[in-house]
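Step one of this worksheet: look at the structure below.
All of these numbers come straight from a predicted model, not from anything done at the bench.
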Amino acid sequence: MKGQNAPCEPPLDATGSIDHSAAMRFTKWDYLAFPFLAALLIGVTYGALRLVGFFGLGILGLIIAFITVRMDLERDGGNGGHPSVLAEQIKARDRISRAEKAEFQAEQQWRLRPLFTAQIIATGFIILGFGFHFLL
């Protein structure tokens, strides 16, 4: 599916390179889905708050933050616990061309965009949960 705009691949322009302006542009579905997703997030936050309280919300934020940091650290692929595997990955990346490196980095940024959103939500849960727990 190389060159076609599959849902998991970044949008491409006429030259075959990544079209960053199209990647950041909102569609009509984004505008329709945003209020529902915001309401869902507020509802989940309220439900978690009622279920586990402020301290539990802070702990939930810490769990989400731990998972997202771990995913961010392993975005290049897990090394299997052995340093030689990581060394082989680094050597393989050194052998590829600059264009392939740029394409790999752009693809990786495209795939990991939801990770940033999860980190923001985790930070909010931690600040809200522990802040209100110790304040109240």
Worksheet item: What's the shortest heavy-atom distance between Ala65 and Ala122, and which atoms?
Response: N-CB, 3.6 Å

Under 4.5 Å between side-chain heavy atoms, chaining through other members, with only Ile, Leu, Val, Met, Phe, Trp and Tyr counted: pull out the rest of the cluster around [X], sorted by chain and number.
{"X": "Leu51", "value": "Val52"}
{"X": "Phe132", "value": "Leu41, Leu49, Phe54, Leu57, Leu60, Ile64, Ile121, Phe125, Leu128, Leu135, Leu136"}
{"X": "Leu40", "value": "Val44"}
{"X": "Phe116", "value": "Ile120"}

Item to complete: Return the set of residues passing side chain to side chain contact (heavy atoms under 4.5 Å, CB included) with Ile96 (not counting sequence neighbours), or none when no residue passes.
Response: Glu100, Lys101

Worksheet item: With sequence neighbours left out, what residues match Ala33 under side chain to side chain contact (heavy atoms under 4.5 Å, CB included)?
Response: Leu37

Item to complete: Just grab all the salt bridge (charged side-chain N to carboxylate O under 4.0 Å, His left out) pairs involving residues 49-63, residues at least two apart or on different chains.
Response: none

Please round to the nearest 0.5 Å and tell me the distance separating atom [atom1] of [X] and atom [atom2] of [Y].
{"X": "Leu115", "Y": "Gln109", "atom1": "CG", "atom2": "CD", "answer": "12.5 Å"}
{"X": "Leu112", "Y": "Asp72", "atom1": "CG", "atom2": "CG", "answer": "7.0 Å"}
{"X": "Arg95", "Y": "Lys91", "atom1": "CZ", "atom2": "NZ", "answer": "8.0 Å"}
{"X": "Thr123", "Y": "Leu62", "atom1": "OG1", "atom2": "CG", "answer": "10.0 Å"}
{"X": "Phe66", "Y": "Met71", "atom1": "CZ", "atom2": "CE", "answer": "12.5 Å"}

Worksheet item: Excluding sequence neighbours, so at least two apart, what forms side chain to side chain donor-acceptor pair (under 3.5 Å) with Arg70?
Response: Glu74

Worksheet entry | Aromatic plane relationship, His133 with Phe55 - under 30° parallel, 30 to 60° tilted, over 60° perpendicular | tilted

Worksheet item: Are Ile67 and Phe130 grouped together when hydrophobic residues (ILVMFWY) are joined by side-chain heavy atoms under 4.5 angstrom apart?
Response: yes

